[in-house]
Number of protein chains: 2
Amino acid sequence: MDQDRISQAEYLKALAHPTRIRILELLESEGRCVSNIGEKLDLKQSNISQHLGILRSRGILSLRREGGHSIYCIKDPRVAKILDLLRG
Amino acid sequence: MDQDRISQAEYLKALAHPTRIRILELLESEGRCVSNIGEKLDLKQSNISQHLGILRSRGILSLRREGGHSIYCIKDPRVAKILDLLRG
DNA sequence: GTATTATATTAGAATATAATAATCTGAATG
DNA sequence: CATTCAGATTATTATATTCTAATATAATAC
């Protein structure tokens, strides 16, 4: 079955962007809202929202609402291992 | 410095393709030549050669010549770990 | 040398991604 | 209910990837 490799490639592709790596690094320590991430990375809100959407649609991030804010957290436990490998 | 995240993203991007994942899986056990990989994957020679070139240009594969053949081998030790992670 | 085999490179069309800007939705507040 | 704030969605444009087909190179065989 090659659907496996397609899914695996899509997973890696979701991680394979400098901004998304930076987002994951920020979220490693704690959940954050979109505007907080926006300040840290100094990028347009819509751009960050799109990247977060990509990570969420792949099951890598989870989202909860809290007050007026959307808090994103890392959901996939493999992320920490991959970030470690990359820093290796 | 954000050059780090750019390089990390490029590394992941090199891995993030179903055909390249299949190639890496084949090479996990032993080095192989282009035509051998071609038979296993049933893809056009030029396509495989291009994918191998991408993996080699990122330092993921190494190449040695042997008889009329180019033998590709996994060079980057992180690959095994990432494949394991993907298999989860 | 010529032919053959193995691989690499190039060119081009189709598709996918990414950034920006603009618009929309929904919740909370006055 | 009108306004504001946080975030999501859409449209557009620019760039990058991927595949196929064709061509080029390099080594070996005859």
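Just so we're on the same page: letters track the sequence lines, and every chain starts at 1.
The CG atom of B:L55 sits 8.5 Å away from the CG atom of B:L27 when rounded to the nearest 0.5 Å. Atoms CG and CG, from A:L26 and A:N36 in turn, are 7.5 Å apart once rounded to the nearest 0.5 Å. With rounding to the nearest 0.5 angstrom, the CD atom of A:Q50 is 11.0 Å from the OG1 atom of A:T19. Taking CZ of B:R20 as the start and CD1 of B:I48 as the end, the distance is 13.0 Å to the nearest 0.5 Å.
With sequence neighbours left out, the side-chain hydrogen bond (donor to acceptor under 3.5 Å, both in side chains) criterion links A:E25 to B:R5. With sequence neighbours excluded, the residues satisfying salt bridge (charged side-chain N to carboxylate O under 4.0 Å, His left out) with B:R32 are B:E30. With sequence neighbours excluded, no residue satisfies side-chain hydrogen bond (donor to acceptor under 3.5 Å, both in side chains) with A:D42.
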Exercise answer: donor-acceptor pairs, residues 58-65 of chain A side-chain atoms, under 3.5 Å, sequence neighbours excluded:
residue	atom	partner	partner atom	Å
A:R64	NE	A:E66	OE1	2.9
A:R64	NH2	A:E66	OE1	3.0
A:R65	NH2	A:S70	OG	3.2

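Against DNA chain D, the stretch residues 39-67 of chain A makes heavy-atom approaches under 4.0 Å through A:Q45, A:S46, A:S49, A:Q50, A:R65. Using a 4.0 Å cutoff on non-hydrogen atoms, no part of residues 21-32 of chain B comes near DNA chain D. Contacts between residues 69-76 of chain B and DNA chain C, defined by a heavy-atom separation below 4.0 Å, involve B:H69, B:S70, B:Y72, listed by number.
Chain A approaches DNA chain D within less than 4.0 angstrom (heavy atoms of the protein), and the contacting nucleotides run 5' to 3' from D:dA6 to D:dA11.
Taking hydrophobic clusters as Ile, Leu, Val, Met, Phe, Trp and Tyr residues chained together by side-chain heavy-atom distances below 4.5 Å, A:L86 shares a cluster with A:L41. By the rule that hydrophobic residues join a cluster once side-chain heavy atoms approach within less than 4.5 Å of another member, A:I23 and A:I54 end up as members of separate clusters.
Evaluation of the side chain to side chain donor-acceptor pair (under 3.5 Å) test over residues 77-88 of chain B, restricted to residues two or more places apart or in two chains, returns B:E28-B:R87, B:D76-B:R78, B:D84-B:R87. Sorted by first then second residue, the ring-ring contact (aromatic ring centres under 6.0 Å, His included) pairs that include residues 47-88 of chain B, not counting sequence neighbours, are B:H17-B:H51. Listed by first then second residue, pairs satisfying ring-ring contact (aromatic ring centres under 6.0 Å, His included) with a partner in residues 21-50 of chain A number zero, not counting sequence neighbours.
A pairwise comparison of heavy atoms in A:L15 and A:I21 identifies O-CG1, 3.3 Å as the closest pair. For A:G31 against A:C73, the heavy-atom pair with the smallest separation is CA-SG, 3.8 Å.
If A:T19 and B:G68 are placed on DNA chain C by their nearest nucleotide, the residue sitting closer to the 5' end is B:G68.
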Any protein N or O atoms within reach of nucleotides 24-26 of chain C? Criterion: under 3.5 Å, listing atom names and distances.
none

